Each structure stands twice: as C-alpha cells, then as structure tokens.
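Just so you know, ligand 1 is whichever comes first in the structure, and atom 1 is the first atom listed for that ligand. In this chain, residues are counted from 1 in sequence order. Owing to the predicted nature of the structure, the values given are computational and were not obtained by experimental measurement. All values below were derived from every heavy atom in this structure, side-chain atoms included, with hydrogens, water molecules and symmetry-related copies excluded.
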Amino acid sequence: MEQSAAVTLSGRPSAGEYMIASDVETARRRLAALIEAASVVLPFTGAGISTECGIPDFRSPGGVWTKNAPIPFDEFVASRERRDEAWRRRFAMETEFAAARPGRGHLALASLYRAGKAPAVVTQNIDNLHQASGVAAEDVVELHGNTTYALCLGCGLRYELAWVKQRFTASGHAPDCPDCGGAVKTATVSFGQAMPEAAMRRAEALTRRCDLFLAIGSSLVVWPAAGFPLLAKRGGAKLVILNREPTEFDDAADLVVHADIGSVLAPFVAH
Ligand code: NAD
C-alpha cells in the first residue's frame, strides 16, 4: 500500500512527494531506488536499530524509561547516591550490552559504508554496534557518546568498565578517579550534559554534504540530534524515515516506512 500527498508545513521545507510505504516489499524497492540515485547517503540511527540485538530502546513499551526515569547530569555530578544508582543501572544492563551483536540494520549500513555510498554513520546510540558491524571507529559519529567505557569528568582519563565494576563491587560505591578525584561516568551524554562539539560539527558537515539522509530507528524527540533530518531536507537532500512508530517529522520526509528495521534492511546486507 502506498499513499502520496504533497505537504507543506509552516516553518518546514516542503517535502514535495510524501509517501508512506507500509508494506516491506514496497519500502525496500523505494529505498533501493533512492539509494541508487544518491551520491552521498548519510545514515542517522537511534535505539530502534538495536532492539533486535537485545538492547531495549527508551520509549517503546518495555523500554528503559518505562522502568527508570533517566538521571540528569547535574544530579550525577552533585550526588554520590545518584552516581551509585547510575552505575548500578549500567551494570544491570551489562548482560544485554556485552552479548549484543550487530543486527541486520547495522550490517546493511556497514555494507553501504563499505561500498563507498555512505561516508560515515551518525548515531544517537551508545552501544558500539556500528563499530562492531565494520564501520571504522573514526567514521561512527557518536552524538550521545558510548557506554562501553568510562571517562573521568575531571581530567578526561579513560577507564574500562571492568575497572569500575571491580571497585564498585568491592566498595558498593561508584569510584572516583585515582588521578584527580573527579567523578567517573560512562562515556555517554546525559540530559543536561554538553553535547560533544567535534561530533556535532562533523554530523552537521556530513548532513549538509549528503543528498540522501536515512533516519532509522529514532523517535526524533531528543534535541539537538533531532534537528539533523530537517537540516538535511533544508539543504536539498531526500529524507527517509524508517521507524515502527510515526515521528513528528514524517510529513517532511520523502519516504516514510513504518515497519521493522531488520526486515526492511535485510536485503541491503552485502554478503
Ligand atoms: P527512542 O527510544 O526514543 O526511539 C526508538 C524508536 O525506535 C521508537 O520510536 C520505536 O518505535 C522504534 N523502534 C524500536 N524497535 C524498532 C524496530 N525493530 N524497527 C523499527 N522501529 C523500531 O530512541 P532514540 O530516538 O534513539 O533516542 C533516545 C536516546 O536513547 C538516544 O539518545 C540514545 O542515546 C539512547 N538509547 C540508546 C540505546 C542504544 O545505544 N542501543 C538504547 C536505548 C536508548
């Protein structure tokens, strides 16, 4: 089933043709045609690409936030109890993160990368799965950091999770940096924490350069990351949104696919 309708939204670029492809075959065909026609494809991913790998997203039923509200950055910095709680939650998720392997979506994007179609992947994810799928670490632009290691908030020293876990288990508390006494936190960006400047600049440059922007598995509600799809559109790129649920930006897209990411992208995995 396909529907087409022109849309113009005040303050937003007109998408021209707007199509919702709700059956997987049609979605694949339309997506393949857009990729074929594009010179530079920019994948932009969110938690939905990793749910089939066993890592729950935040907002779906059963998602992380249906159980625990996130701990804002200022609370983490100000309170030892909140730091302990943050690390307790992180270690409670360790089985999922450690066992996760790239899914069909990751592998399809890695294929586009290897084929030279996609110069990089911009991601809101913190799970390291794009790197694990074969995209070079320097070409994974992490907007919200990475939860597979930790950093000292004082001096920036890197710590491995095994180091944190060993101290946490021994003392029952989140460790401080032995070097400077600063708080040690997963290398992720919490609410209220500054965005990584270099990653934001790189994501913006890539967004302005692409002629096809693929927003995959994101509810597109976390800012400023959610601004990139519209930036791409304003710059003249085609915009595809692939997500099980509708997003606020669907009516700005050239192709909207409400379907399972792995099922849609499986044929794009190069063997
Ligand atoms: P989100 O939880 O807000 O949205 C995920 C979206 O993916 C939802 O709209 C959901 O309907 C969709 N989805 C889930 N599984 C799907 C599937 N198999 N096929 C199609 N759609 C599917 O996530 P977000 O937009 O990335 O933003 C929230 C923040 O969550 C990000 O900052 C990110 O750092 C963090 N996060 C990351 C991970 C991870 O690294 N895997 C997991 C949870 C949360």
Side-chain angles (χ1 to χ4, degrees), residues 20-24 27-28 31 43-73 86 89-90 92-109 121-133 135 140-149 185-196 199-200 203 214-229 240-250 253 255-266 268:
I20 293 179
S22 51
D23 86 275
V24 168
R28 286 175 181 159
L31 186 55
F44 168 89
T45 62
I49 198 170
S50 297
T51 53
E52 77 169 14
C53 313
I55 302 176
D57 63 15
F58 276 172
R59 291 177 179 77
S60 289
V64 176
W65 286 351
T66 59
K67 295 175 190 136
N68 287 312
I71 297 173
F73 185 61
R89 289 183 193 178
R90 175 60 186 83
M93 290 285 296
E94 184 52 16
T95 313
E96 284 90 340
F97 278 115
R101 298 288 172 268
R104 293 168 294 177
H106 300 97
L107 296 173
L109 299 183
V121 174
V122 176
T123 189
Q124 299 172 87
N125 292 346
I126 54 177
D127 55 25
N128 215 50
L129 288 177
H130 288 299
Q131 292 91 327
S133 73
V135 180
V140 181
V141 182
E142 295 177 320
L143 299 178
H144 296 157
N146 189 309
T147 195
T148 63
Y149 61 96
K185 181 180 177 292
T186 54
T188 51
V189 179
S190 298
F191 283 103
Q193 189 170 2
M195 294 294 286
M200 285 297 284
L214 308 178
I216 299 172
S218 176
S219 57
L220 300 179
V221 298
V222 179
W223 289 82
F228 287 111
V240 173
I241 296 179
L242 167 54
N243 200 57
R244 204 154 44 198
E245 290 165 338
T247 76
E248 200 198 323
F249 300 113
D250 283 3
L255 174 67
V256 178
V257 183
H258 294 157
D260 175 62
I261 293 163
S263 311
V264 173
L265 294 185
F268 295 85

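Ligand-side atoms of ligand 1 in range of N125: 37 (C), 39 (C), 40 (O), range being under 4.0 angstrom from any heavy atom. In the vicinity of G48, heavy-atom distances shorter than 4.0 Å reach the ligand 1 atoms 5 (C), 7 (O), 13 (N), 14 (C), 15 (N), 16 (C), 17 (C), 18 (N), 22 (C). Remark: ligand 1 atoms within the under-4.0 Å shell around heavy atoms of G46 are 26 (O). Contact atoms of ligand 1 toward G217: 5 (C), 6 (C), 7 (O) (distance under 4.0 Å to a heavy atom of the residue).
Distance check: D260 CG to E52 CD gives 6.5 Å after rounding to the nearest 0.5 Å. Rounding to the nearest 0.5 angstrom, the gap separating the OG1 atom in T186 from the CZ atom in R90 is 7.0 Å.
If you look at S50 next to ligand 1, the close heavy atoms, those under 4.0 Å, all belong to the side chain. Only the side chain of H144 comes within 4.0 Å of ligand 1, counting heavy atoms alone; its backbone N, CA, C and O stay farther away. With a 4.0 Å cut-off on non-hydrogen atoms, T51 touches ligand 1 through its side chain and not its backbone. With a heavy-atom cut-off of 4.0 Å, V222 touches ligand 1 through its side chain alone.
Side chains of W223 and M195 form no contact here, defined as non-hydrogen atoms less than 4.5 Å apart. Contact check for I261 versus R104: no side-chain heavy atoms found under the 4.5 Å cut-off.
In this structure, P56 is part of the shell of residues with a heavy atom less than 4.0 angstrom from ligand 1. For the pair A259 and ligand 1, a heavy-atom separation below 4.0 Å is found.
Residue I55 places no N or O, backbone or side chain, under 3.5 Å from any N or O of ligand 1. Residue V221 places no N or O, backbone or side chain, under 3.5 Å from any N or O of ligand 1.
For S133, the side-chain hydrogen bond (donor to acceptor under 3.5 Å, both in side chains) criterion is met by no residue, not counting sequence neighbours. Residues forming a side chain to side chain contact (heavy atoms under 4.5 Å, CB included) with A108 (at least two apart in sequence, or on another chain): L265, F268, V269.
No hydrogens or angles considered: nothing links the side chains of T188 and T147 as a donor-acceptor pair under 3.5 Å.
One option in P70, A225, A47 has a heavy atom closer to atom 38 (C) of ligand 1 than any other, and that option is A47.
Between T123 and the options T45, N128, N146, a side chain to side chain donor-acceptor pair (under 3.5 Å) holds for only T45.
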Practice item. May I have the step-by-step check of side chain to side chain contact (heavy atoms under 4.5 Å, CB included) for L214 and L31, ending in yes or no? Key: CA-CA 10 Å; L214 308 178; L31 186 55; 3.9 Å; yes

